[in-house]
Amino acid sequence: MVQAYILIQTEVGRAADVAGQIASITGVTQAEDVTGPYDVIVRAEAHNVDELGKLVVAQIQAVKGITRTLTCPIVHI
């Protein structure tokens, strides 16, 4: 299982709506609107890196109002 945090920037005033839409996507375990340089932080999981990439590109980035994403895979050192 691969897990990652996805940091998201949105259009002004869209953070809560974007977080709500993303929270319903399969593979997303948490989606919160936050303050700071990013507007939404998502925790997601997938069976492998390829599935994680498909989740981010095909589903999360398709949500209207997102301007940029940064995916940070979780590592266990």
Side-chain angles (χ1 to χ4, degrees):
M1 184 70 61
V2 176
Q3 298 176 326
Y5 287 100
I6 303 149
L7 311 178
I8 299 172
Q9 293 177 335
T10 69
E11 295 171 355
V12 174
R14 298 291 311 267
D17 182 49
V18 167
Q21 290 182 56
I22 291 173
S24 66
I25 296 172
T26 301
V28 171
T29 58
Q30 193 170 13
E32 302 287 345
D33 47 319
V34 298
T35 61
Y38 293 94
D39 303 305
V40 177
I41 297 179
V42 173
R43 185 167 176 149
E45 60 185 20
H47 292 291
N48 57 52
V49 174
D50 290 336
E51 285 187 19
L52 179 64
K54 289 176 187 175
L55 171 66
V56 173
V57 173
Q59 296 184 54
I60 293 175
Q61 289 182 350
V63 173
K64 186 172 173 69
I66 292 177
T67 58
R68 179 175 295 207
T69 64
L70 174 65
T71 302
C72 304
I74 296 171
V75 296
H76 301 282
I77 299 174

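Considering CD1 of Ile60 and OG1 of Thr69, their distance stands at 8.0 Å, rounded to 0.5 Å. For the atom pair OH (Tyr5) and OG1 (Thr29), the distance works out to 8.0 Å, reported to the nearest 0.5 Å. Interatomic distance, Leu70 CG to Ile41 CD1, rounded to the nearest 0.5 Å: 10.5 Å. Note that CD of Glu45 is 5.0 Å distant from CE of Met1, once rounded to the nearest 0.5 Å. Between the CD1 atom in Ile6 and the SG atom in Cys72 there is a gap of 9.0 Å [rounded to 0.5 Å].
In the hydrophobic clustering of this structure, Ile74 groups with Tyr38; members are Ile, Leu, Val, Met, Phe, Trp, Tyr whose side-chain heavy atoms approach within less than 4.5 Å, directly or through other members.
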Using residues 8-22 as the side-chain source, report each donor-acceptor pair under 3.5 Å to any protein atom, sequence neighbours left out, with the distance given to one decimal.
residue	atom	partner	partner atom	Å
Gln9	NE2	Pro37	O	3.2
Thr10	OG1	Asp39	OD2	3.4
Arg14	NH2	Asp17	OD2	2.9
Arg14	NH2	Lys64	O	3.2
Asp17	OD2	Gln21	NE2	2.9

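Annotation for Val42 and Val28: closest pair CG1-CG1, 3.7 Å, computed over non-hydrogen atoms. The heavy-atom pair separating Ala4 from Thr71 by the smallest distance is CB-CG2, 4.0 Å. Taking every heavy atom of both residues into account, Ile66 and Gln61 meet most closely at CD1-CA, 4.4 Å.
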Decide side chain to side chain contact (heavy atoms under 4.5 Å, CB included) for Ile25 and Val63; before the verdict, give the C-alpha distance in whole Å, the side-chain angles of both, and the deciding distance to 0.1 Å.
-> CA-CA 10 Å; Ile25 296 172; Val63 173; 4.3 Å; yes
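Residue pairs that meet the salt bridge (Lys or Arg N to Asp or Glu O under 4.0 Å) test with at least one member in residues 68-77, sequence neighbours left out, do not exist here.
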